[in-house]
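Letters go in sequence order (proteins before strands), and every chain restarts at 1. Keep in mind it's a predicted model, so treat the numbers as computed, not measured.
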Amino acid sequence: MEYNFSEIEPRWQRYWEINKTFKTTDNFSKPKYYILDMFPYPSGAGLHVGHPEGYTATDIVSRYKRMKGYNVLHPMGYDAFGLPAEQYAMQTGTHPAVTTNKNCDNFRRQIKSIGLSYDWDREINTTDPHYYKWTQWIFKQLYNTWFDETINKGRPVSELTIPDEIKSQGKDAVKQYIAGKRLAYYDNAQVWWCDSCKTVCANEEVLTDGSHEKCGHTVTRKNLKQWLLRIPLYAERLLQGLEELDWPAGIIDMQKNWIGKSTGAEIDFSIEGLDKKLKVYTTRPDTLFGATYMVISPEHGMAGEITIPEKKKEVEKYIQKASLKSDLDRTDLAKEKTGVFTGRYAVNPVNNKLIPIWIADYVLMGYGTGAIMAVPAHDTRDFEFAQEFDLPVICILDPKDADGREEILKGLKCWTEDGEYINSSSMETGLDINGLNKLNGIQKTIEWLESNNLGKATVNYKMRDWLFSRQRYWGEPFPVIHWEDGEVTLLDDDELPLLLPDLEKYTPGEAGESPLANASEWLHVIDKNGRRGRRETNTMPQWAGSCWYYLRYIDPFNEQMILNPDKEKYWMPVDLYIGGAEHAVLHLLYSRFWHKVLYDLGIVSTDEPFKKLFNQGMILAYAYETATGAKVTSDLVEEHEGRHFHTKTGEELKQIVAKMSKSLKNVVNPDDIIERYGADSLRLYEMFMGPLDERKPWSETGVKGVFNFLNRVFRFFGDTGNINLEKESTEVAKTLHQTIKKVGSDIENLKFNTAISALMVLNNTAMKQGTVSKDTAETFAKLLSPFAPHLGEELWSVYGHNKTISYEPWPEADESLLQEDSFEYPVSFNGKMRFKIELPLDMELEDIKKTVLSDQRAEKWLAGKSLRKFIFVPKKIINIAVN
RNA sequence: GCCCGGGUGGCGGAAUUGGUAGACGCGCUGGAUUCAAAAUCCAGUUCUGGCAACAGAGUGCGGGUUCGAUUCCCGCCCCGGGUACCA
């Protein structure tokens, strides 16, 4: 009988759909398992083979967990706001909702054709007003929350105590005070602007080379009034929370890095001739004695007053140049140090020495206090600057036995490591750290600073406020009105959702405003007192909808509340979350932030949303190039005997691995694979290629390999003529139970490639045996079904069952069958395996020694040598060391 | 520069974390079946030498620890990702 996948697969997909096989109920008595995929942006191009990789992995775990008796929540939806649909609308006038719905339909069709066991009744779409109503509602919560640093927790602004001195200044002062505390605020900000997308973007969206991660165009700086979220207030919580997560170490590192915690001290320097202090932040207060100059950033607020009149012109010129420089490609210019002397001096608090104050753009306004004390002897950047401008270098840290100590002591070389302090005491001020090491030096200096009121220990974070508005049409509108008198109000809950208005045209409004500025009817509002107002024209970034979608799956149709608390308590947290590593800092950090705010407000019961995270690796493709490195599109390549040639020139080509791309013509479409080999083959191949988290190249012959395996399975296990044994043979029984054990533990560890290989071994063993018992066949079908569910169901029905295999109990391995009473020991001489010998497990060591050493095959390795050591490791190895 | 990954046959990849290196699959070689091909089945397949039994070498490179190292330690090289004047 033929393995007719194109008949089998749609038939089971219909069965699942009609019977709602994978509908999840809120049966709180069962143990739950929430398994989530990062939902896709439904692009017009449809699914690529990368999507089914993660989806199949989660599907296997879902099906396995169901068979293990769990109540499984496994939903799917669409992150459907986004630029492409809007750009298409600009060109064609088609409403983005139309494009989006069409693309979602296509995605749904494609996803269903893979046989994934989602509960389709919970499908969500971020562009659905029923959904974004709650995105807007969360924005309101952020707006109405402040962060209480004394208890490290977000609280409603209604619980914010207003200091009396603010109260006494009147209503506006109070409003301003509250605005300064809200997690969401509207303010003038230096923002990154992408001129290609005609929108601002968050720091996180700008790549290292200064390009926009969405479109690749270089971004520029702009000053605009925008919505921002005070995510740094949660920096410590976001950092601490990482400790308890079962996430890839790399992602944890990246998040830690992004948060960028550093500890040090803020130190006040008095300024000669000015009744003001200059505050610096440093991680090395211990090096104060080596501070030979100071630097403030060109944007520093005190630049003007610090600069002496004679230097004004020069300084202004430098500041002007620096401001232009931020518009250029900064990375190229970054290396060379530039700066200008202000003419003014500060007083070093540890020894009262005067040190010059410079302005230089290597000091950034956005970090610390925007001012530093420069210690050229022990900081590479300061050292470079000192060399450039011939400033003194005083070594205060003896590197002891390090290379180049002499040069370091003379200040000719920079030393950033530990050592022993020298030149670090002052009779005048009473501080002396000579002889101490770095750790103690830092501690003692901070104590001295604090007791003399000159500074204090401080913690700093790299993470900045999150720029939360975009000049786009196709996003969630802010439920915000700006009134003519300057007041900003939010809509009431019963006014949500604030719907996106339909537009005639989707081009941006005046002066880079969002297209919503064109929606005049929608835009202008009048309150009951006749006051005029204008709605916020910016929309939320795409991250907004994906920040909390995992919560809505739990209760997708609740119109009264974001989700029911009982359901939330049952289903949260997400037990397993699989998606691409490209979201390491963006989506995963933003989500965690929102979640923590919702937790503080009592809306969710867990502090972290995603317990276990796993990243699937990218699927690459083979590409071809000539000897000179010129790429050849895949349609011009032919293969003979494992070598590759150009179809036109006959030239031999080199096979390389590259990202799938249209230009190389090596993009694989899952639809084609399903048509030729079936969904089960697609699933199986994607899992068999290699470890889930590694990047790996697609190979069509590899698909044929697993297709071949499924054919063999169908021919053997699908033929009841082969299933006639009363009692299973020992060999097959043993392999079967080994396979049960291995497949189960491999699924738990997401090692699908080796699980499939174990199934192949079992199939090979069974086929060799020629006939198996019904129990073996049914067990095999169960083990196979999470991986190849259509074939699993088909076999199950061939065995006479009329109900789905999806909820059949997962087989248990019979350990007694795996017990051995003997073991075939490899015998090595000096670590090199020479022969094998079967020995009973209960044999005494002395007998083993005698048996092995007297074995005929041992003779030649012992001849003329003396026995040094006899190593016996039970059930492992015998090694004989000879001289 | 710094922080993570990763280098194993012709290819994708296994190896219970110190114990038989190369499971499983692809490809290739030979054979069976066939008028022939496809499909299928059987056998072989790390490299070198040998008809073979067998021997030697072998997990990026160089050292080390150990009875024994793909696995642990030290020093390098290459590839991929992240990040970058963060004081």
Q. Who is the Watson-Crick or G-U wobble partner of B/U17, with both distances under 3.5 Å?
A.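 Pair assignment: B/U17 / none.
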Q) Around atom NZ of A/Lys734, are there more than 12 heavy atoms of other residues, nucleotides or ligands at under 6.0 Å? A)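 It does not: A/Lys734 NZ has 12 such atoms or fewer within range.
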**Q.** Residues, nucleotides or ligands: over 12 heavy atoms within 6.0 Å of A/Gln856 CD
**A.**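 Check fails, neighbour count at 12 or below.
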Q. Can you tell me how far C1' of B/C85 sits from CG of A/Asp361, to the nearest Å?
A.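 A/Asp361 atom CG is separated from B/C85 atom C1' by 9 Å.
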Q. How long is the line joining CD of A/Glu694 and C1' of B/C79, in whole Å?
A.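 Atom CD in A/Glu694 sits about 13 Å away from atom C1' in B/C79.
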Contact class for [X] (heavy atom, under 4.0 Å): base, sugar-phosphate, or nothing?
X: A/Lys704; answer: nothing
X: A/Lys836; answer: base
X: A/Thr754; answer: sugar-phosphate
X: A/Gly250; answer: sugar-phosphate

Q: Could you check if the base of B/U17 is syn or anti? Syn means the glycosidic torsion is within 90 degrees of 0.
A: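 Chi for B/U17 falls in the syn range.
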Q: Could you tell me whether B/G9 is syn or anti, where syn means a glycosidic angle within 90 degrees of zero?
A: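 Judged by the O4'-C1' to base torsion, B/G9 sits in syn, the angle falling within 90° of 0.
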(Q) Would A/Lys875 and A/Phe823 count as a cation-pi pair here, with the cationic atom under 6.0 angstrom from the ring centre and within 45° of the axis? (A)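 Pair A/Lys875/A/Phe823 does not count as cation-pi.
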**Q.** Plane angle bin for A/Phe389 and A/Phe385 - parallel if under 30°, tilted between 30 and 60°, otherwise perpendicular
**A.**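 Rings of A/Phe385 and A/Phe389: tilted, as their planes differ by 30° to 60°.
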Q. Looking at A/Asn753, does any N or O in its side chain come under 4.0 Å of the phosphate oxygens OP1/OP2 on B/A14?
A.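 Yes, within the criterion.
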**Q.** Side-chain donor/acceptor of A/Lys337 to base of B/C85, under 3.5 Å
**A.**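 Checked by distance alone, the answer is yes.
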Q.
Ignoring hydrogens and geometry beyond distance, is the side chain of A/Asn879 in donor-acceptor contact with the base of B/C67 at under 3.5 Å?
A.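 Such a pair is found, so the answer is yes.
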Q. If we take the P atom in both B/U71 and B/G6, what is their distance in whole Å?
A.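 These two P atoms come out 13 Å apart once rounded.
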